[in-house]
Structures are given as C-alpha cells and as structure tokens.
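Numbered from 1 within each chain, the chains take letters A, B, ... in sequence-line order.
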Amino acid sequence: MSAWSEFSKGIWTQNPVLRLLLGLCPPLAVTTSAKDAVGMGLSAAFVLVMSNLVVSLLRRTIPDRVRLPAYIVIIACFVTIVDMVLKAYVTDLHKSLGLFIPLIVVNCIILGRAEAFASKNPPVLSMLDGLGMGLGNTLALLAVGTVREILGNGTFFGLPVLSSVMEPVLLFVLPPGAFLTLGFLIAGMNRLERRHAHG
Amino acid sequence: MAEMNLVMLVIFAIFINNVLFSRFLGTCPYLGVSKQISTAMGMGAAVIFVITLAAAITWPIQKLVLDPLDMGYLQTITFILIIAALVQFVEIVMKKTVPGLYQALGIYLPLITTNCAVLGVAIININEKLSYVQALVFSAASAVGFTLALLLFAGIRERLALRRIPRDFAGVPIGLVVAGLLAMAFMGFAGLKF
C-alpha cells in the first residue's frame with residue numbers, strides 16, 4: 001500500500017508541474033511537439049530515479065552542511081550521462097531539446113525530491129517516488145505538448161489530425177501559446193480538484 | 001549572434017529574444033517573487049549581478065581549461081558548481097563589505113543558484129561562440145531583460161490583487177496567462193530590423 005502510494009502520488013495528487021507548480025521552465029520551453037515533450041519527460045525521469053537512488057544510498061554519509069552541493073553534483077553526473085546518450089543515439093531529439101538538457105540540473109523538481117524525500121527514505125521507496133514524480137512530469141509535459149502541437153501545427157506525434165477541420169493557430173507553437181496553454185491546464189486541474197473535494 | 005555589434009546584442013537580448021518571454025528561462029522566480037515591485041527590484045538587481053559575474057568566470061574556464069583539455073562534456077557539472085560556489089561567495093563578501101545591500105538582496109541570493117537563467121545564459125554564451133566582451137554584454141543585457149519582465153509583471157500583479165479573479169485561475173494560472181499576453185506584446189519586437 002505505502003509503496004504504491006509513494007509511486008502514484010506524483011502522477012495525480014502531487015503532480016510536480018500541475019499541482020506542486022515546480023519546474024515550470026521545461027513544460028513551457030520544449031513542448032512545441034508531443035515528441036519533444038515525451039523525450040524531455042523521460043530524460044528528466046531517468047535523472048530523477050537515479051539521483052533519488054544515489055542520494056538515498058548516501059543519505060547517512062553526506063554531511064548535513066554540504067548536502068545541497070553534494071546533491072547538485074550527483075544530479076549533474078546523471079544529466080551529463082543523459083546528455084551524452086541522447087547525443088549519441090537520438091541526435092535530432094538532442095538538437096531540439098538543446099539547452100534544456102543541461103538545464104535539467106537546475107530543475108527544482110529533482111533537487112526538491114532529493115531534499116524532501118530521498119534524503120530521508122530507503123532506496124527502493126526513493127526510486128518509486130522518483131519514478132512516480134518523473135512519470136507525472138512526463139504526463140504534464142505530454143499534455144502541454146499535445147495541446148500545442150495539435151492546435152499550433154495540426155499534427156500529433158507528427159501525424160496530421162486537424163487538416164480538414166481547421167487551420168492550425170500558429171500562436172500555439174510560439175512562446176505566448178506555451179504560457180496560455182500551461183495556465184489553462186493548471187486552472188483546469190484546480191477545477192477538477194475542487195469538484196473532487198466537494199464530492 | 002556572434003556577428004552582432006554590442007548595441008544590437010543588447011537590444012536583441014532585452015527585447016527581441018527576452019530571456020523569459022522567448023527563452024523561458026527563470027520562470028520559477030518570475031512567478032514566485034514578483035508579488036511587489038520592490039521585491040522584484042531586489043531580485044532583479046541580484047540576478048543582474050550574479051549572471052554577469054557567472055559569465056565572467058565560466059567563459060574563461062570553458063576556453064582556457066575545458067576546451068584545451070578536450071573535456072567539454074564536463075561543462076554542466078563545472079558550470080553549476082562554479083555558480084553555486086559563486087553565489088555563496090558573493091553572499092559572504094556582501095555580508096562583510098556592503099551590509100546595506102546584503103540586507104536588501106540577502107534572501108534572494110540563495111534562490112539564484114537554482115535560477116535556470118544563470119546556467120542557461122552561461123551555456124548560451126559558449127554555444128553561440130560569443131567573444132568575451134560580447135558574452136559579458138549579452139549576459140548583463142539578458143539579466144536586464146529578465147528584470148524588465150519581472151518589473152512589468154509585478155506592476156500588473158499589484159493591480160491583479162485588487163481584482164476578482166475566477167477562483168481556479170487565482171495565483172499561478174493567471175500569472176501564466178498574463179505572461180502569455182506579455183510575451184505576445186514582446187513578439188512585436190521580433191520585426192525589428194537593423
């Protein structure tokens with residue numbers, strides 16, 4: 001039960017982007033297409049799971065005073081691994097995510113989970129927490145990416161879906177569309193949550 | 001970008017390619033600290049200071065240490081450690097030498113380590129192959145652009161506090177919608193030709 005709830009909380013009730021409002025840069029920046037969004041989400045999820053594991057294993061070793069720099073180094077190592085792997089095997093994804101791969105280091109979701117969860121919990125639970133948060137983040141990115149790609153480009157994962165219904169609204173793949181889409185998604189989440197709370 | 005002269009670079013960084021509205025760097029502090037114009041000013045000043053200083057240090061490190069040793073893959077780790085150490089250092093020095101300024105900026109300084117604009121701009125300087133002077137000017141101008149965005153939003157937010165906002169939009173969602181409208185306004189600068 002508790003292992004399941006550690007995993008599942010990140011996906012809906014404590015979704016890092018849509019509920020906790022952490023790490024809002026990637027959902028704005030790399031969601032012009034659903035494919036980029038998923039690529040970014042999975043990269044961040046890998047870093048999150050691995051850094052949670054290592055932080056949790058070292059939680060009794062790292063002195064309290066230097067814990068934040070230590071966490072940052074651990075996270076930066078895994079980000080570098082992701083960067084090199086993407087560059088070697090999926091070059092076009094690496095190109096379109098660009099700057100935002102190294103910036104996973106400063107994503108507050110990852111440092112936040114290391115500090116709030118992995119530094120106090122055993123390795124397996126920490127990995128489950130990281131996996132749940134990572135998937136929740138990926139779903140949020142995918143939601144933003146789906147809306148923006150369909151409305152802005154008329155495609156979904158590169159397949160045309162809007163061609164005969166309406167002209168694509170270019171605004172949605174431009175920066176303002178990112179802010180508007182995310183704003184409305186978070187407001188929608190608030191509404192669902194409020195309805196749920198009222199029964 | 002490397003072929004622009006310095007004046008163009010400044011206009012480009014502040015208006016045309018604003019670090020927040022078109023590059024999406026620094027969204028967290030933008031939504032977090034811009035409740036009042038005075039705190040936005042404090043944060044903005046701290047960011048201008050740290051981004052410029054970080055660029056001044058990371059650029060030589062990349063060109064004189066990482067590139068000659070062919071260790072470009074250590075860029076992420078090196079830069080984030082430099083920035084974290086720098087922020088700590090600036091905090092200690094300011095506390096001893098300019099207590100007044102420290103009092104004003106104090107609480108914003110630690111937050112800057114995880115402001116992705118700092119690391120982002122440092123990496124853009126390298127990716128765009130800017131010269132040292134260009135990198136310094138571009139970094140300072142980007143930070144000024146960030147401050148401008150912060151101030152604009154803080155001004156709007158002070159007014160929003162007095163209005164009735166649909167309950168589901170209160171807080172961050174309305175902030176994002178406002179940012180979207182501001183980003184649309186900034187897109188107007190995209191037509192500027194030199």
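Taking a 6.0 Å sphere around NZ of A:Lys120, one finds it holds more than 12 heavy atoms contributed by other residues, nucleotides or ligands. Heavy-atom contacts from other residues, nucleotides or ligands closer than 6.0 Å to NZ of B:Lys63 number more than 12. Other residues, nucleotides and ligands place no more than 12 heavy atoms under 6.0 Å from the CZ atom of B:Phe89.
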*Run the numbers on B:Leu31 and A:Leu21 for side-chain contact (heavy atoms from CB on, under 4.5 Å), then give the verdict.*
CA-CA 10 Å; B:Leu31 293 167; A:Leu21 310 174; over 6 Å; no

*After noting the C-alpha distance and the side-chain angles of A:Phe100 and B:Leu25, does the key distance pass the side-chain contact (heavy atoms from CB on, under 4.5 Å) rule?*
CA-CA 9 Å; A:Phe100 283 86; B:Leu25 298 173; 3.8 Å; yes

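Heavy atoms closer than 4.5 Å to chain A are found in the side chain of B:Ile80, but not in its backbone. Interface residue B:Leu119: backbone and side-chain heavy atoms are both found under 4.5 Å from chain A. Using a 4.5 Å cut-off between heavy atoms, B:Val172 contacts chain A through its side chain alone, with no backbone atom that close. Residue A:Cys108 touches chain B through its side chain alone, counting heavy-atom pairs closer than 4.5 Å. Heavy-atom distances place the backbone of B:Arg23, and not its side chain, under 4.5 Å from chain A. Residue contact with chain B, scored on non-hydrogen atoms closer than 4.5 Å, is absent for A:Ile101. There is no contact between A:Leu68 and chain B, counting heavy-atom distances below 4.5 Å.
Once rounded to the nearest 0.5 Å, the distance linking CG of B:Leu182 with CZ of A:Phe179 reads 9.0 Å. A distance of 9.0 Å separates CG in A:Asn190 from CZ in B:Phe169, rounded to the nearest 0.5 Å. Taken from OG1 in B:Thr76 to CD1 in A:Ile104, the straight-line distance is 9.5 Å, to the nearest 0.5 Å.
A single hydrophobic cluster is not seen to contain both A:Leu182 and A:Leu174; linkage of ILVMFWY side chains at heavy-atom distances under 4.5 Å, directly or through other members, places them apart. Both B:Met4 and B:Trp59 are part of a single hydrophobic cluster, where members link through side-chain heavy atoms under 4.5 Å apart. A continuous path of Ile, Leu, Val, Met, Phe, Trp and Tyr side chains, each step under 4.5 Å between heavy atoms, connects B:Ile61 with A:Val105, placing both in one hydrophobic cluster. Both B:Val10 and B:Phe138 are assigned to one and the same hydrophobic cluster, defined by single-linkage of ILVMFWY side chains at heavy-atom distances under 4.5 Å. If you chain together hydrophobic residues whose side chains sit under 4.5 Å apart, B:Ile92 and B:Ile57 never meet in one group.
Two residues are said to be in side-chain contact when any heavy atoms from C-beta on lie closer than 4.5 Å; B:Leu81 and A:Val73 meet this criterion. Put simply, the side chain of B:Leu176 does not reach to within 4.5 Å of the side chain of A:Leu180, judged on heavy atoms. Between B:Phe24 and A:Leu24, the closest side-chain pair of non-hydrogen atoms is not below 4.5 Å.
By number of non-hydrogen pairs under 4.5 angstrom with chain A, the leading residue of B:Gln88, B:Gln75, B:Met187 is B:Met187. Of the residues considered (B:Asp168, B:Val178, B:Leu74), B:Asp168 shows the highest number of contacts with chain A, using heavy-atom pairs under 4.5 Å. For chain A, the option among B:Ala84, B:Gly171, B:Gly120 with the highest count of heavy-atom pairs below 4.5 Å is B:Gly120. Counting heavy-atom pairs under 4.5 Å between each of A:Pro176, A:Ala76, A:Pro69 and chain B puts A:Pro176 at the top. Of the listed residues (A:Gly23, A:Pro102, A:Cys77), the one with the most heavy-atom contacts under 4.5 Å to chain B is A:Pro102.
Summarising the geometry of A:Val106 relative to B:Cys116, their closest heavy-atom pair is CG2-CB, 3.5 Å, with the distance given to 0.1 Å. Closest approach of A:Gly183 to B:Pro173, counting heavy atoms only: O-CB, 3.5 Å.
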